[in-house]
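Letters A, B, ... are given to chains in the order of the sequence lines, protein chains preceding strands, and every chain is numbered from 1.
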There are 2 protein chains.
Amino acid sequence: MLHSTYKCNAGCPVEGTMEVIGGKWKGVILYHLLEKTYRFGELKKIMPGITQHTLTKQLRELEAYDIVNRKVYAEVPPKVEYSLTERGKSLEKIILMMRDWGAANLSLAK
Amino acid sequence: MLHSTYKCNAGCPVEGTMEVIGGKWKGVILYHLLEKTYRFGELKKIMPGITQHTLTKQLRELEAYDIVNRKVYAEVPPKVEYSLTERGKSLEKIILMMRDWGAANLSLAK
DNA sequence: CCGTATCCTGCATGATACTG
DNA sequence: CAGTATCATGCAGGATACGG
């Protein structure tokens, strides 16, 4: 979700943040990682709709922005854990507010 | 930005909010409307990168979510003003936090 | 001035299969 | 288990032209 061809104006920081957390699944990923560290397979399990390919990509992008930390254990079978970096944790309020707003304003329940 | 085929889980409200404000320009639009009411042409002017087509579409989507209000003046030449609804204003904190986070964490300056 | 109508394109996301 | 490699696709967003 990179919009490199941006005519910058006063609203830019807002859009910049959108680019970081604006992927289709990034909000959910961050929301889960807020709670605890997760292994790759666990994330896949709690987000049944996402494919392996896409999950990997979104995690890599979050990693590139220094939002999530990727810890690889040199074991067999492999084990990879994802957690929030300090910068990632600084998004907590935003994520939680988005959750609350969504819960209050959208009829996602059923 | 509708993802109708969603496997819902705990993170859903977050994603729901993302769908509402997650368009490429919606963040900026909302950020500007936070400040004051704008006419269509004014919005276009302060967001030089967006096309008329896309601006119209994003505004219509925000309108559909009851985030912005569209007021048409029966004049010649036509005059259309966009403002935030109450629901739109309730997003203010989120938008401002996104702005602050972006300003603090991204090197968009210059 | 504020749109809508067409047409087009890139890229985010997905499906599927294979590997260290 | 946690990925890459390929290939496919839908749709958000853009270019352009026209209309009330």
- How many Å lie between NZ on Lys71(A) and C1' on dG3(D), as a whole number? 19 Å

- Task: Could you tell me the separation between the OG1 atom of Thr85(A) and the OH atom of Tyr65(A), rounded to the nearest 0.5 Å?
- Result: 13.5 Å

- Message: From NZ of Lys26(B) over to P of dG13(D), roughly how many Å is that when rounded to an integer?
- Response: 7 Å

- Tell me whether the OP1 or OP2 atom of dC2(C) has a side-chain N or O from Lys79(B) closer than 4.0 Å. no

- Note on the structure: Assign each of Thr51(B) and Glu42(A) the nucleotide of DNA chain D bearing its closest heavy atom; nearer the 5' end lies the nucleotide of Glu42(A)

- Derivation and outcome, side-chain contact (heavy atoms from CB on, under 4.5 Å), residues Arg87(A) and Trp101(B): CA-CA 10 Å; Arg87(A) 174 172 290 186; Trp101(B) 191 91; 3.7 Å; yes

- Can you hop from Tyr73(A) to Tyr82(A) via hydrophobic side chains spaced under 4.5 Å? no

- Whole-Å distance, Tyr38(A) OH to dA2(D) P, equals 14 Å

- Just to confirm, is there a sub-4.0 Å distance from OP1 or OP2 of dA2(D) to any side-chain nitrogen or oxygen of Arg39(A)? yes

- Hey, is Glu86(B) close enough to Lys89(B) for a salt bridge, meaning N to O under 4.0 Å? yes

- Message: Under 4.0 Å from OP1 or OP2 of dG14(C): is there any side-chain N or O of Thr54(A) that close?
- Response: yes

- Query: Rounded to the Å, how far apart are Tyr73(B) OH and dC2(C) P?
  - Reply: 12 Å

- Axial bend angle, the helix from dC1(C)-dG20(D) to dG20(C)-dC1(D): five-pair end segments, nearest 10°: 50°

- Task: To the nearest Å, give me how far apart CD (Glu63(A)) and P (dA2(D)) are.
- Result: 15 Å

- Note on the structure: Here the distance between atom P of dG13(D) and atom CG of Leu55(B), to the nearest Å, is 12 Å

- Query: Does Lys24(A) make a side-chain N or O approach to OP1 or OP2 of dG14(C) shorter than 4.0 Å?
  - Reply: yes

- Rounded off to whole Å, could you give me the CE-to-P distance for the Met18(B) and dA12(C) pair? 14 Å

Listed pairs, N/O of protein and of nucleotides 3-7 of chain C, under 3.5 Å:
residue	atom	partner	partner atom	Å
dG3(C)	OP1	Arg60(B)	NH2	3.4
dG3(C)	OP1	Arg70(B)	NE	3.4
dG3(C)	OP1	Arg70(B)	NH2	2.3
dG3(C)	OP2	Tyr82(B)	OH	2.9
dG3(C)	N7	Gln52(B)	OE1	3.2
dG3(C)	N7	Gln52(B)	NE2	3.1
dG3(C)	O6	Gln52(B)	OE1	3.3
dT4(C)	OP1	Arg60(B)	NH2	3.1
dA5(C)	N6	His53(B)	ND1	3.2
dT6(C)	O4	His53(B)	ND1	3.4

- Correct closest heavy-atom pair for Thr17(B) and Leu106(A) would be N-CD1, 3.7 Å

Acceptor/donor pairs from residues 33-48 of chain A side chains to any protein atom, 3.5 angstrom cut, sequence neighbours excluded:
residue	atom	partner	partner atom	Å
Glu35(A)	OE1	Tyr38(A)	OH	3.2
Glu42(A)	OE1	Arg39(A)	N	2.7

- Let me see the working for Leu59(B) and Arg70(B) under side-chain contact (heavy atoms from CB on, under 4.5 Å), right down to the final yes or no. CA-CA 9 Å; Leu59(B) 286 168; Arg70(B) 181 168 177 266; over 6 Å; no

- Query: Hey, any chance Val80(A) and Val76(A) share a hydrophobic cluster, counting ILVMFWY side chains that come within less than 4.5 Å of each other, even indirectly?
  - Reply: no

- Task: Starting from C1' on dT13(C), measure out to NZ on Lys44(A) and report it in whole angstrom.
- Result: 16 Å

- For the atom pair CD1 (Ile21(B)) and CG (Leu91(B)), what is the distance rounded to the nearest 0.5 Å? 6.0 Å

